[in-house]
Amino acid sequence: MAHDIQQSCEQNPTSWVYSAVQGMSDEMQTPLLADTEAPDDPSLLTPGRPTVAILGSGDFSRSLAVRLVACGVSVVVGSRCVKRIAPGLFPHAVELRNQEGAVARADRLVFLALFPEYYPSLQGLRALLAGKVLVDVSNAVELGSSAVSNAERLAEMFPESVVVKGFNVISAWTLQTGAQDGNRQVLLCSDSVEGKSEVAQLTRRMGFQPVDLGGLCLARDLESVPLRLFPSWRGPVLTTFLLFLFFYGYGFIRGLLLPYLAYGRNAFFRLALDLVNESLPAVALVTLALVYLPGLFAAWLQLWRGTKYQRFPCWLDVWLLRRKQLGLLSFYCAGLHGVYSLCLPLRTAARHRLINAAYTQVKAGVEEPWDELGVWRSDLYLSFGVLGLGVLSLLAITSLPAVGNILTWREFTFVQSGLGYAALTLSVMHTLVFGWDFAFSPKAYTFYMPPSYMIAVALPCAVLVCRCFLLLPCVSARLTRIRRGWESTRKCPIPQHHHGVGNRTLPEV
Ligand code: NAP
């Protein structure tokens, strides 16, 4: 969200951030710290306080000035045309000068709150900027550009100054509202340790958390951070979407199109709700299986290689890193399936069928027989489904950083692995009990196509079987040894003295 706000501010400098500053309460215009009250008259600025210059008088400059003043820092804003700045836009404590005047007043730090295209226009200030720390807050224009970063270009333009890249991931909005209401981290990079440490000190003073990324060569990555669009979600969302398309398309061909072509049976009304509700649980089940499949691949690979010191293939690394997203998407589909299922009796088609069936039976004087097995079946599959969704909700909650961070490693593993497999087992049971003995009936294979839930349950069943195999004592003991650093003699010619529990050497499988 912060990025959206930032983008909207960048696209429209006279946006609501601007109005927010104008409508700022009086408290925001004066320092928060009692011992560092900002005087109304800029000429009375306390000499002991650091003076920071900001070049540019746009959205970012205003928000930065507000925050700095609130933290007891003397601020001088350098503009190309001071007269153009509307009175009251900046807090009273902020000194407004031309660019030369502002740079001359700065102790060390000069923030460049202007777009990088205009950096060359600062060449005239080169002598004044010598020895100063220039903080480059700019962002990249487009993702994946191979051009040199703005910060590196700035360092080339002003070789006598120190350039620190930072604050570009903090929006003008976050600067104004304060660190508690948004992203607290300020990512910094520079080739000068001293310059970086000065900026880090100021960052801390402003209530943010500086994160040192390293040298200026990382500026390009840092500049593209605000432009990224859910990079870790792209693969999982695409996978889930393709799975949905597959199950929806399959259900459409098997349940609607072929019966229509073969028997002229029109059931296309099922497209809107029934078919979606049939596809969602299938997607949820397969996606949940995809969460645990890479872990099994990794375990098998380690067992086969006899070492954990060989890197996994790239695709497996990426897959392992996307398990959280896949799990959350599975939870999302399962949740939607729950809501859709609750809506089923509300449909006109369902009511029509029920009333019609009742009427036909009343007319014929036939009573609906009590089907003990059917009752058990429906109660069981509903119960498995609700329990599965409940456990999945727990997994989703613990994947939140605020919750996950307070769990110990063992608690986290118990929830994500133990409860995760419990959720998968319950979901598989929900599907199997729903199917009951239908799999053995020829009616299940209309047009030689099994129902979608039968296809969906295959992968999760395979995952559960493989997991059970890994739990066999001889296999799990070997895997545990490998994960604690033991290597098979095939891989490691150095003699190893590895003792199992009670000094028993565990057998090789
Ligand atoms: P802005 O509102 O358009 O302000 C840019 C300022 O640059 C203007 O107010 C102007 O100040 C100065 N300027 C304009 N044209 C110029 C020129 N030809 N030569 C020299 N100076 C010129 O933009 P902004 O939103 O504050 O963004 C400024 C920088 O901060 C950008 O690099 C942006 O990527 C970065 N940033 C912004 C945000 C945000 O939320 N807005 C967040 C992170 C980073 P004077 O007329 O007073 O000289």
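Only this structure's heavy atoms are used, side chains among them; waters, hydrogens and symmetry mates stay out. Counting starts at 1 for both ligands and their atoms, in listed order. This is a predicted model, so every value here is computed, not measured.
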Would you indicate which of [options] comes nearest to [atom] when only heavy atoms are counted?
atom	options	answer
atom 10 (C) of ligand 1	Arg80, Arg62, Gln176	Arg80
atom 31 (C) of ligand 1	Phe115, Phe60, Trp173, Phe167	Phe115
atom 4 (O) of ligand 1	Ser57, Gly58, Ser138	Gly58

Notebook entry, point to check: Counting heavy atoms only, which part of Asn168 comes closer than 4.0 Å to ligand 1: side chain, backbone, both or neither?
Noted result: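 For Asn168, the contact with ligand 1 is made by the backbone alone.
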Proximal ligand 1 atoms for [X], defined as those under 4.0 Å from one of its heavy atoms:
X	answer
Ser121	19 (N), 20 (C)
Arg84	46 (O)
Ile170	42 (C), 43 (C)
Ala113	5 (C), 6 (C), 7 (O), 28 (C), 29 (C)
Val137	30 (O), 35 (C), 36 (N), 44 (C)
Asn139	34 (O), 43 (C), 44 (C)

Notebook entry, point to check: Are side-chain heavy atoms of Val463 and Leu424 found at a separation under 4.5 Å?
Noted result: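 They are in contact (side-chain heavy atoms under 4.5 Å apart), so the answer is yes.
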Checklist line | Side chain proximity check, Arg467 to Tyr421, heavy atoms < 4.5 angstrom | finding: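 They are in contact (side-chain heavy atoms under 4.5 Å apart), so the answer is yes.
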Next item on the list: Starting from the C-alpha separation in whole Å, work towards a yes-or-no answer on side chain to side chain contact (heavy atoms under 4.5 Å, CB included) for Ser452 and Phe246.
Entry: CA-CA 10 Å; Ser452 33; Phe246 168 75; over 6 Å; no
What do you reckon, does [X] have a nitrogen or oxygen under 3.5 Å from a nitrogen or oxygen of ligand 1?
X	answer
Asp59	yes
Tyr118	no
Leu114	yes

Note to self: What I want to check is whether the side chains of Thr307 and Gln302 have a donor and an acceptor closer together than 3.5 Å.
What the structure shows: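 Not at all, the side chains of Thr307 and Gln302 share no donor-acceptor pair under 3.5 Å.
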Checklist line | 4.0 Å heavy-atom contact, Cys81 with ligand 1 | finding: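 Under 4.0 Å: no for Cys81.
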Next item on the list: To the nearest 0.5 Å, tell me how far Ser149 OG sits from Asp136 CG.
Entry: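 Atom-to-atom, Ser149:OG and Asp136:CG are 7.5 Å apart.
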Notebook entry, point to check: When you look at CD of Glu194, are more than 12 heavy atoms from neighbouring residues, nucleotides or ligands closer to it than 6.0 Å?
Noted result: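 No.
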Check: In this structure, are over 12 heavy atoms from other groups packed under 6.0 Å from Trp315 atom CH2?
Finding: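 Atom CH2 in Trp315 is packed in, count exceeds 12.
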Notebook entry, point to check: Taking the six-membered ring for Trp, are Phe111 and Phe60 ring centroids under 6.0 Å apart?
Noted result: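 Ring-ring flag for Phe111/Phe60: false, centres at least 6.0 Å apart.
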Note to self: If the condition is side-chain hydrogen bond (donor to acceptor under 3.5 Å, both in side chains), which residues does Arg323 pass it with, not counting sequence neighbours?
What the structure shows: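 Testing Arg323 for side-chain hydrogen bond (donor to acceptor under 3.5 Å, both in side chains), a comparison that skips the adjacent residues, returns none.
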